[in-house]
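For reference, the structure discussed in these notes is given below.
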2 protein chains.
Amino acid sequence: MAKKIEAKSLVDAVTERLEAAIFGGELAPGEWLREQALATEFGISRGPLREAIRQLEGRRLLERKTNIGVSVVELTPQRLDELLTVREALEGMACRLAAERISPEGVDQLRSLLADHASHSEVVLGEGYYQQSGDFDFHFRIAKESRNDYLVSVISGDLYDLLRLYRYKSSTMSGRAAQALKEHHAILDALSTGDPDQAEKAMRTHICNARIHAKLAMDRQAELAASGTEA
Amino acid sequence: MAKKIEAKSLVDAVTERLEAAIFGGELAPGEWLREQALATEFGISRGPLREAIRQLEGRRLLERKTNIGVSVVELTPQRLDELLTVREALEGMACRLAAERISPEGVDQLRSLLADHASHSEVVLGEGYYQQSGDFDFHFRIAKESRNDYLVSVISGDLYDLLRLYRYKSSTMSGRAAQALKEHHAILDALSTGDPDQAEKAMRTHICNARIHAKLAMDRQAELAASGTEA
DNA sequence: ACCGTGTTGATTGTAGACAATAAATCAAGC
DNA sequence: GCTTGATTTATTGTCTACAATCAACACGGT
């Protein structure tokens, strides 16, 4: 109860609303935001809305054409590939640092987390390996053990934001759930040896596999769309 | 002359002005921005100024306390260490990709660039190894050869922005200029073998050395400041 | 039919006014 | 002297109105 209470402006609230709409799919990639309509819907003036939009531009979730308007960033398979490559570098480094810095208790907690995942995954294996966000996310937990705050903020902030857009579009991790969990265990095993090279390698292999799998899934989706057009 | 001409709003212009002020040191880390004073100085209303400020908040150059004001982000030695660690991961990956993708002509161009640097460095060796930005920056040029646009934008965008703040505060690379140039050559040698592992390792070693050197320089500065206080 | 020009409507960009908030200062009471 | 409450001041937050811009459409000329 020692948390300092801070005021929350309309801009803050609007930013959160827009975020939720973007990640929830109400505002789809490529979709234009109409200031006046949104302001009316939110019951506020255009000023704070514009400020919120500017903030999300700075975070690269929205992009503006001067005098034309603002749209949600568009997703391409190539951009996803690029994102996952960057993620590989960053999470590899996070895992490396974690191997140097994690305590035995920290390792135990991560094992519990994976056991928890396994008990849930038995229910959802057919649907994919979904992790809740925050402290229930294996990757986020490892990043935290790196004790590099900037690295954590990048992994769990901007990069994570963009990846969330893709995850919404494709719930196609189903073919990979069991393998992903297995790789999580391999990562944790490597991490617990305290060997930074092994830990980094295990994490990078995992993300690299995810990238290859996502690419295959997207190609498959493109084929389905193409054959759907022919029908 | 085929470049499409696009309108430029006051917000865009103000954003650039503020950026220049931040990186040029007119707006120092920790310094508060006073909206009314700035708006008066720029000869505009507060609206566009606020929008520009929001954008820079989204880019993490400025941070806001609701109802209090906005200040330039503060720098700590720990944050610089964290930044350089992230940079190590990203530029290592960029160099890896570049090794897989660069053409022989590309390698030659980078060699010319380093020769150019050497001819300049003979003049400025006593003052440090300063590279102009853009296409004259060795690191940026390598990142471009990665052909991963998102990676390039991160390296040359947000990360570069924050590192620029530190570079302004400390022109203390003087003890490292010759070594830095030598390491640049080592990176290029590794890159031209086409071996991704070697290339990545060379770049990461270089950035890691820069990190260690920066840390020493900052420690030395702290000591000077402490002894200055005793006088 | 095509092209160029002018008009209209929708939307974005900006200015200025008013409301709200926090910090500093002052005054009164204990 | 210290605490509390009221007032003042500086600044931020929001709203409304007007200006500017762009795309779409209509019309006239070739």
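Here is how names work: the chains are called A, B, and so on, in the same order as the sequence lines, proteins then strands, and each is numbered from 1. None of these values were measured; they are calculated from a predicted model.
Note: CD (B:Glu35) to P (C:dA15) measures 14 Å, nearest angstrom. Following rounding to the nearest Å, B:Gln36 (CD) and D:dT9 (P) show an atom-to-atom distance of 17 Å. For the pair A:Trp32 CH2 and C:dT12 C1', the interatomic distance rounds to 12 Å; values are reported in whole Å. For A:Lys8 and C:dT21, the NZ to C1' distance is 18 Å, given to the nearest whole Å. Spacing between atom CG of A:Leu33 and atom P of C:dG13 amounts to 12 Å, rounded to whole angstrom units.
Among the protein residues, A:Val11 comes within range of the sugar-phosphate backbone only, with heavy atoms under 4.0 Å from sugar or phosphate atoms but none that close to a base. Using a 4.0 Å heavy-atom criterion, one finds that B:Leu38 contacts no nucleic acid atom at all.
Looking at the side chain of A:Leu10, the nearest of the listed nucleotides D:dT14, D:dC22, C:dT11 is D:dT14. Comparing atom distances between the B:Ala7 side chain and each of D:dC22, D:dT11, C:dG13 picks out D:dC22 as nearest. Taking the side chain of B:Ile68 as heavy atoms from C-beta on, and the options D:dT11, C:dA22, D:dA23, the nearest nucleotide is C:dA22.
Near DNA chain D, defined here as any heavy-atom distance below 4.0 Å, the residues from residues 46-67 of chain B are B:Arg46, B:Arg50, B:Arg64, B:Thr66, B:Asn67, listed numerically.
Tested against A:Arg46, the residues A:Glu41, A:Glu51, A:Glu35 include a single salt bridge (Lys or Arg N to Asp or Glu O under 4.0 Å) partner, A:Glu35.
By the 4.0 Å N-to-carboxylate-O rule, B:Glu88 lies too far from A:Arg96 to be salt-bridged with it. Of the charged side-chain nitrogens involved, none lies within less than 4.0 Å of a carboxylate oxygen, so that B:Arg211 and B:Glu91 do not count as a salt-bridged pair.
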Side-chain polar contacts of residues 72-79 of chain A - donor-acceptor pairs under 3.5 angstrom, sequence neighbours left out - could you list them?
unit_1	atom_1	unit_2	atom_2	d
A:Thr76	OG1	A:Arg79	N	2.9
A:Gln78	NE2	A:Glu82	OE2	3.4
A:Arg79	NE	A:Glu82	OE1	3.1

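The distance from atom CZ of A:Phe23 to atom CG of A:Leu18, rounded to the nearest 0.5 Å, is 11.0 Å.
A side-chain donor-acceptor contact under 3.5 Å links A:Ser9 and A:Asp12.
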